[in-house]
Amino acid sequence: MSWLTSFFSWLGEFFGTAGNWSGPGSIPARLLEHLEFSALALVLAVLIAVPLGLLIGHTGRGEVLVVVSANLARALPTLGLLVMFVLLLGTASIWPVIIPLVLLSVPPILVNTFEGIKGVDPELRDAAYGMGLRGGQVLGRVLVPVALPLILLGCRLSAIQVVATTTVAAYTGLGGLGRYIIDGFATKDYASVVGGSVLIVLFALVVQILFTLAQRVAVSPGVSQRLKVR
């Protein structure tokens, strides 16, 4: 059990050090940087992937783009992308980190949005057209509400992936919680490594909980099957 004792000892040392709670390298400052990178990358990915997924799912045109996107998501190496954009753009801005994060975040949102729209019952779609609704109205009033659980699932998967992957921002000298892990390994400060890892895990869990709450609020009870029909 010595490893467990060491783990909690490092954890107590990290969170119990007053210097870790104030200044530019403090836990609140690193957490804010991590949140900034993650939120910006996720918002950009949503702005790109959701409209594209809705359009392809509704019209059926460009499905090959979804397939290619899904395959790229499995093949793209995060660290390789980061190094490439750092070499191309330098480290004077946050974009060498944001661009790889956006590229990795788009595929799950795009695929889930496309599948959500495509998977809507055709009879429901025909009924909407039969009621006199037009293309955009059918999409906005019928297809999106029904597909919303799958769309939010894609956003949640991307958000968790972004939170975990933002750790590599530390390799470029930028901030974020990854600094504790990278710097800790470099200086053999294992309290910093353990503390930074725990913070990232907690951050990812909070994101997971927030998306679960958002899904409960945003999705209609009838669609989520919380409303029981007698």
Side-chain angles (χ1 to χ4, degrees), residues 1-46 49 73 76-79 81-82 94 96-109 112 149 151-219:
M1 299 294 287
S2 60
W3 64 271
L4 194 58
T5 304
S6 298
F7 176 82
F8 283 108
S9 174
W10 287 326
L11 210 56
E13 180 184 342
F14 179 76
F15 286 104
T17 302
N20 283 339
W21 293 98
S22 62
S26 64
I27 293 173
R30 294 297 186 208
L31 190 59
L32 190 60
E33 291 167 346
H34 206 97
L35 178 62
E36 178 188 359
F37 298 149
S38 304
L40 179 58
L42 185 63
V43 168
L44 291 175
V46 168
L76 287 176
T78 306
L79 192 55
L81 278 177
L82 179 67
I94 62 174
V97 173
I98 298 299
I99 293 173
L101 290 177
V102 172
L103 291 176
L104 291 170
S105 305
V106 164
I109 302 174
N112 279 276
I151 296 172
L152 289 176
L153 173 63
C155 294
R156 176 160 58 90
L157 293 174
S158 281
I160 294 172
Q161 185 176 2
V162 164
V163 168
T165 310
T166 299
T167 306
V168 302
Y171 280 111
T172 66
L174 294 175
L177 295 173
R179 294 295 312 179
Y180 291 122
I181 298 175
I182 304 299
D183 294 346
F185 274 122
T187 60
K188 296 186 178 178
D189 179 4
Y190 297 116
S192 180
V193 174
V194 170
S197 303
V198 169
L199 284 172
I200 292 170
V201 171
L202 291 177
F203 195 174
L205 287 176
V206 169
V207 169
Q208 174 95 357
I209 292 170
L210 289 177
F211 268 95
T212 302
L213 293 175
Q215 181 165 346
R216 189 170 182 81
V217 172
V219 177

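Computed from heavy atoms alone, side chains included, the values below leave out hydrogens, waters and symmetry copies.
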Going from CZ on Phe14 to CD1 on Ile27, what distance comes out if it is rounded to the nearest 0.5 angstrom? 4.0 Å
Return the minimal non-hydrogen interatomic distance between Ile94 and Glu36, and the atom names on each side. CD1-OE2, 4.5 Å
Least distance between heavy atoms, His34 atom then Ser38 atom: O-OG, 2.8 Å
Atom CD1 of Ile160 and atom OG1 of Thr165: how far apart are they, to the nearest 0.5 Å? 11.0 Å
Would you find a donor on one side and an acceptor on the other, under 3.5 Å apart, between the side chain of Trp21 and the backbone of Phe15? yes
Of all heavy-atom pairs between Leu101 and Phe37, which one has the smallest distance, and what is that distance? CD1-O, 4.3 Å
Tell me if a side-chain donor or acceptor on Thr167 pairs with a main-chain N or O of Ala164 at a distance below 3.5 Å. yes
To check you understand the geometry: which heavy-atom pair defines the closest contact between Phe211 and Ala159, and what is its length? CE1-CB, 3.5 Å
Can you tell me how far CG of Leu35 sits from CG of Leu40, rounded to the nearest 0.5 angstrom? 10.5 Å
Between Leu152 and Ala218, which heavy-atom pair has the shortest distance, and what is it? CD1-CB, 4.4 Å
Side-chain heavy-atom pair Leu177, Leu31 within 4.5 angstrom cut-off: yes
Can you tell me how far the CG atom of Leu104 sits from the CG atom of Leu81, to the nearest 0.5 Å? 6.0 Å
With a 4.5 Å cut-off on side-chain heavy atoms, are Phe7 and Val198 touching? yes
Looking at Ser105 and Val162, what are the two nearest heavy atoms and their distance? OG-CG2, 2.8 Å
First locate atom CD1 of Ile109, then atom CG of Leu153, and finally report the distance between them rounded to the nearest 0.5 Å. 10.5 Å
Between CD1 of Ile98 and CG of Leu44, what distance do you get to the nearest 0.5 Å? 7.5 Å
